[in-house]
Structure formats: C-alpha cells, structure tokens
**Student:** 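Got a structure for you, written out below as structure tokens; questions coming shortly.
Everything quoted here is computed from the prediction, not taken from an experiment. Positions are given from 1, in the same order as the sequence printed here. Keep in mind that the numbers below use all heavy atoms, side chains included, and drop hydrogens, waters and symmetry copies.
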Amino acid sequence: MIIINVKDGESLDKALKRFKKKFEKTGVLRELRSRQAYEKKSVTRRHVVKHAIYKQNMNLETTV
C-alpha cells in the first residue's frame, strides 16, 4: 500500500505526481503485464540480450 503525505499548501497535482512516481518505482504495473501471458525463459533471455545489444550500439554511436 502506497502512502503519500500531502504537505501543507501542496497542490493536489504535485501530490498526484509523487504518487505516480512512487507507484511506478514499485513495479506493480510491470509485474501485472508480465503475468498476463507466460513467456518462456529462452524468449525472455533473448529479449534481454537484444536490448543490451541495442543499448551498446547507442552508446557507440554517441561516442563516435
């Protein structure tokens, strides 16, 4: 359960923004989406490797 203490004089928009940030950090939504359909470990590993290669290529492009 996420608890957000609203400070005196703080706008509701700011408090809502803090709530959203805290909620995203917990990873609840990400976990829910991943559980909707089973994904084999080999497919997950392949996705992770593919993402790592992409990030590595992006880093190489920025340094050159």
**Student:** Could you walk me through whether E24 and K20 pass the salt bridge (charged side-chain N to carboxylate O under 4.0 Å, His left out) check?
**Tutor:** CA-CA 6 Å; E24 194 173 306; K20 286 180 182 179; over 6 Å; no
**Student:** With a 3.5 Å cut-off and sequence neighbours excluded, list the donor-acceptor pairs that the side chains of residues 1-19 form with protein atoms.
**Tutor:**
| residue | atom | partner | partner atom | Å |
| --- | --- | --- | --- | --- |
| E10 | OE1 | K7 | N | 3.1 |
| E10 | OE1 | R18 | NH2 | 3.2 |
| E10 | OE2 | R18 | NE | 3.2 |
| S11 | OG | K14 | N | 3.3 |
| R18 | NH2 | N5 | O | 2.7 |

**Student:** How far does CD1 of I53 sit from NZ of K50, to the nearest 0.5 angstrom?
**Tutor:**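 Output value for this atom pair is 9.0 Å.
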**Student:** Is atom OH of Y38 surrounded by more than 12 heavy atoms (other residues, nucleotides or ligands) closer than 6.0 Å?
**Tutor:**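 Counting neighbours around OH of Y38, more than 12 heavy atoms of other residues, nucleotides or ligands fall under 6.0 Å, so yes.
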**Student:** Using the rule given for side chain to side chain contact (heavy atoms under 4.5 Å, CB included), can you reason through E61 versus M58, listing the C-alpha separation, both sets of side-chain angles and the distance that settles it, and then say yes or no?
**Tutor:** CA-CA 5 Å; E61 287 176 9; M58 290 299 288; 4.1 Å; yes
**Student:** So K55 and H51, do their side chains get closer than 4.5 Å, heavy atoms only?
**Tutor:**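 Yes, at least one pair of side-chain atoms sits under 4.5 Å.
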**Student:** Output a table of donor-acceptor pairs, distance under 3.5 Å, between side-chain atoms of residues 39-46 and any protein atom two or more places apart or on a different chain; print 'none' if there are none.
**Tutor:**
| residue | atom | partner | partner atom | Å |
| --- | --- | --- | --- | --- |
| E39 | OE1 | T44 | OG1 | 3.0 |
| T44 | OG1 | K40 | O | 3.1 |

